[in-house]
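Contents: one structure, followed by commentary.
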Protein chains: 2
Amino acid sequence: MPLIQPRTLKGFRDYLPAAMIPRERIMETARQTFRSFGFAPIDTPTLEHLEILTGKGSEETDRQLYQFIDAGKRPVGMRFDLTVPLARFAAQHIGQLGTPFKRYQIAPVWRGENPQAGRYREFYQCDFDTIGTQSVLADIEAVTVIDALLRAIGIDAFTISINNRAILSGLLESLGLADKTTPILRSLDKLGKIGRELTAKEMVESAGITAEQSEQVLRLAECDGSADEVFAMLPSIIGDNQTAQDGATRLREIYEGAVASGVSPDRMTIDVSIARGLDYYTGVIFETTLDELPSIGSVCSGGRYDNLAGLYTKEHLPGIGASLGLDRLLAALETLQRLSSTSKPCPVFIPYFDKDHRDDYLRLATNLRRVGIGTEVYPEPRKLKAQLKYADAHGFAYAIIAGGDEWAGNRVQIKTLAEKTSQDIEYTHDAPEKLIAQLSSAGPASTL
Amino acid sequence: MPLIQPRTLKGFRDYLPAAMIPRERIMETARQTFRSFGFAPIDTPTLEHLEILTGKGSEETDRQLYQFIDAGKRPVGMRFDLTVPLARFAAQHIGQLGTPFKRYQIAPVWRGENPQAGRYREFYQCDFDTIGTQSVLADIEAVTVIDALLRAIGIDAFTISINNRAILSGLLESLGLADKTTPILRSLDKLGKIGRELTAKEMVESAGITAEQSEQVLRLAECDGSADEVFAMLPSIIGDNQTAQDGATRLREIYEGAVASGVSPDRMTIDVSIARGLDYYTGVIFETTLDELPSIGSVCSGGRYDNLAGLYTKEHLPGIGASLGLDRLLAALETLQRLSSTSKPCPVFIPYFDKDHRDDYLRLATNLRRVGIGTEVYPEPRKLKAQLKYADAHGFAYAIIAGGDEWAGNRVQIKTLAEKTSQDIEYTHDAPEKLIAQLSSAGPASTL
């Protein structure tokens, strides 16, 4: 029989260990962080009835949807995000779950995009949301979660940009432009890219507003400085519109609540120019950039929405949530050379080179695992040199070497592989304490 | 616009928090255990070229395959297990990965089965494999992993049944029945259900063997007792066939190696009657049953195979692996009432009932999270009674209650919710040590 060519579909990819180890570590860190705030895990099916999915995102997501007729003649689709399934889930179960409902979900989604650098047709989303409350405490908490999450991942230099969409909504309301929010936002989104003059021109042309109106909108978007400065400037820009004033008050409350919760003021900025898409968000919105690599864009974004599940239920479900951009974050960490290239998830390697001592190698490994030190034993009694080459290639931190002499002498040799240093240490199966203490006191073993 | 009915597809299900929390905990325990032996995580796409998937399982898996033509006119299918994708993955990447290659993968698979009690069309598999070695050490290690995994999950009473398919293969070889292995195995698989007489009858009829031959096969399958007894009896049953003798020797080596590795002999049994399916396994095979609920069947099974990826590559890749039956294990734990019914993944709840102290509640929560104690703050300043009802309903372990008097007096009240007991304890944001010590010394908070 001819061989079948082993290959993945266009736009899909395998994750080899060296790529998967940091992905898995970040996902587990996210779960731990979300849980520590009382967010609970949920899961929803990969496949949904097609009518649940279509018309919920943009025209683009409809076009990119993986859809087919299943064996039971049902039109079905693969989820393209975690928000639409959450809306369906909430509509279906909120009576049982009650509010407030806090959930996280980390799961793959599918979009038939034309593959380009770093974009795939299957990718993970990593979302947390608090549903069924309009309380500012939930908004404050969302900022706190983002801060805790990035720090837990090991990132120290980042900036959470915070805005409240109500400020611009109020301003447009007072200018009589509430019905032109969408084209105005679309133009404003380009401010950073095309500059003030072209943005103003586009706003006038595409939204059909006056030059004076565009000037007022741009004055708001350009309101810049420290948090205190922005909060001092805002009243004169937004005037006496109540929506905008309340929006500014709430924004200040979120900022101050986050500071009280322990988020460093250095890691937050009030940026009234960010809009984050067009229609979904109605209140506070966030973006998070890495200070060492701002060009990669936001790695954690979200905001408050007025009604999550209006298409599926009459129950009014306001909420707030954000999403960690896992792939973007990993790409950034790789660019910043902050990812280890190890392809092994445990620090210790035991070569099995004296075939008379197989059971001793196994027992040594068990002793280390029992105290939480991950340990691999090479499966075949090959030459030591070949086994150490394997250990180096895979990025183990330590090799513990013991031949007949060592076993007879109640000792083993610890080799620190990166530094190519060794030391002998006392060891018997019944008294492994010195070896454990030595491994635990060193760095990598305990962090892995 | 009329509402869309929120519903899941037939055979699919949502996981609500109370169901998802233990699932996630077991999956994380499995990851940690696999990693501690040097198994590395990988991931493969949900969708594969159809030709990769069809004809690889049984006729049944072909019929149950979710398949469709994608937008690029490619025939594609959703994976129905993790073994076929592993074979494709290994064929594609083994040159880069090298051998031995140890991987685990925990991921959903899809089969269009007719849904029945406890069976779904989307379910998780949780597999580990060592590829590219025939060493007995890898076989021993597989037993050790199963033992470590179940104990890490918190199960103490289980039995790993171990056999070596080579013993029966050798016996059939010596009886001149090697070409009848498949129908004989199919009959033998029913021994536990239909009994000796009917099994013998079926073997004679369906495999076309003599009554005497069936008697010899059954003598082997019924070889029963302690490990020592079985190893003592085997030689007389298998006679002088070399394959069978080598198989028995290796089986003993695996058993003794597992004991040396710390697996309790009480948790292993040598069961030469288990066969585990028909053609895939060629060497050692495992099944694992829960002593308190053997009727649910094996919760962790696997074995050694001779060549993983022969359909995709000429490279000979022998290996050994096993799979944790996550859904079956969870169903068993539920039947045994070993699952907590909490729908919250953190132990501490802080009611927010004095609206003048919102920032104090937030800061208290941050102080606890910083030392690893997961803490939720209720988002709205409602009445204390309503908030405690929420805490009870969700299964929090503790509520920390502080109103104006407590904050003024530098103390808080810890309420142990299940026992309905309370105690006052000193607390200020700058000196939270006593509260932390009190929470850490109690049970549930530190285990969650």
Side-chain angles (χ1 to χ4, degrees), chain A residues 3-4 6 8-9 12 14-17 20-21 24 28 35-38 40-47 49 51-52 68 71 76 88-89 91-93 100 108 112 122 130 133 135 137-138 140 257 260-262 311-313 343-346 352 358-359 362-363 366 369 374 376-377 379-380, chain B residues 3-4 6 8-9 12 14-17 20-21 24 28 35-38 40-47 49 51-52 68 71 76 88-89 91-93 100 108 112 122 130 133 135 137-138 140 257 260-262 311-313 343-346 352 358-359 362-363 366 369 374 376-377 379-380:
Chain A
L3 292 178
I4 299 164
T8 49
L9 280 160
F12 289 77
D14 288 325
Y15 291 96
L16 274 61
M20 194 64 192
I21 289 170
E24 201 171 85
E28 181 52 21
R35 287 199 294 256
S36 77
F37 284 82
I42 68 162
D43 204 8
T44 62
T46 294
L47 296 176
H49 284 287
E51 63 178 9
I52 299 289
F68 58 98
V76 300
R88 195 268 306 146
F89 177 99
Q92 198 168 334
H93 304 294
E122 176 176 58
T130 300
T133 177
S135 167
L137 190 142
I140 294 166
S261 299
L311 293 163
Y312 313 104
T313 178
S343 54
K344 279 292 176 180
C346 66
Y352 164 28
R358 190 195 64 205
D359 289 355
L362 288 170
R363 202 160 159 203
T366 298
R369 283 185 209 113
E376 172 167 337
V377 183
E380 292 174 13
Chain B
L3 293 177
I4 299 165
T8 50
L9 280 161
F12 289 78
D14 289 324
Y15 291 97
L16 274 62
M20 194 64 193
I21 288 170
E24 200 171 84
E28 181 53 20
R35 288 198 294 254
S36 76
F37 283 81
I42 68 161
D43 204 9
T44 62
T46 294
L47 296 176
H49 285 287
E51 64 179 8
I52 300 289
F68 58 97
V76 300
R88 195 267 307 146
F89 177 98
Q92 199 167 334
H93 305 295
E122 176 176 57
T130 300
T133 176
S135 167
L137 190 142
I140 294 167
S261 298
L311 293 163
Y312 315 103
T313 177
S343 54
K344 278 293 176 180
C346 66
Y352 164 29
R358 188 194 67 205
D359 288 355
L362 289 170
R363 203 160 159 202
T366 298
R369 284 185 209 113
E376 172 167 337
V377 184
E380 293 175 12

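In what follows, chains are A, B, ... by sequence order, proteins preceding strands, each numbered from 1.
In terms of heavy-atom pairs under 4.5 angstrom with chain A, the leader among B/T130, B/T46, B/I52, B/D359 is B/T46. The most heavy-atom pairs under 4.5 Å with chain A, out of B/T366, B/T133, B/L362, B/D43, come from B/D43. In terms of heavy-atom pairs under 4.5 angstrom with chain A, the leader among B/S343, B/A260, B/G38, B/G262 is B/G38. Between chain B and the residues A/A40, A/P379, A/S135, the largest count of heavy-atom pairs under 4.5 Å involves A/P379.
With a threshold of 4.5 angstrom between heavy atoms, B/E51 approaches chain A through its backbone and through its side chain. In this structure, the portion of A/V76 lying under 4.5 Å from any heavy atom of chain B is its side chain and not its backbone. Using a 4.5 Å cut-off between heavy atoms, A/Q92 contacts chain B through both its backbone and its side chain. Both the backbone and the side chain of A/A91 come within less than 4.5 Å of a heavy atom of chain B.
Shown here for B/R369 and A/F37, the closest heavy-atom pair between the two residues is NH1-CE2, 3.1 Å. Across A/P6 and B/R88, no two heavy atoms sit closer than the pair CB-O, 3.6 Å. Shortest non-hydrogen contact noted between B/P41 and A/E24 is CB-OE2, 3.3 Å. The minimum heavy-atom distance linking A/R358 with B/G257 is given by the pair NH2-CA, 4.3 Å.
Atom CG of residue A/L16 and atom OG1 of residue B/T44 lie 11.0 Å apart, to the nearest 0.5 angstrom.
The side-chain heavy atoms of B/H49 and A/L9, taken from C-beta on, include a pair separated by under 4.5 Å. Residues B/I42 and A/D14 form no side-chain contact, since every pair of their non-hydrogen atoms from C-beta on lies 4.5 Å or further apart.
With sequence neighbours excluded, no residue forms a ring pair (Phe, Tyr, Trp, His ring centres under 6.0 Å) with A/F12. A/F89 meets the ring pair (Phe, Tyr, Trp, His ring centres under 6.0 Å) test with A/H93; sequence neighbours excluded.
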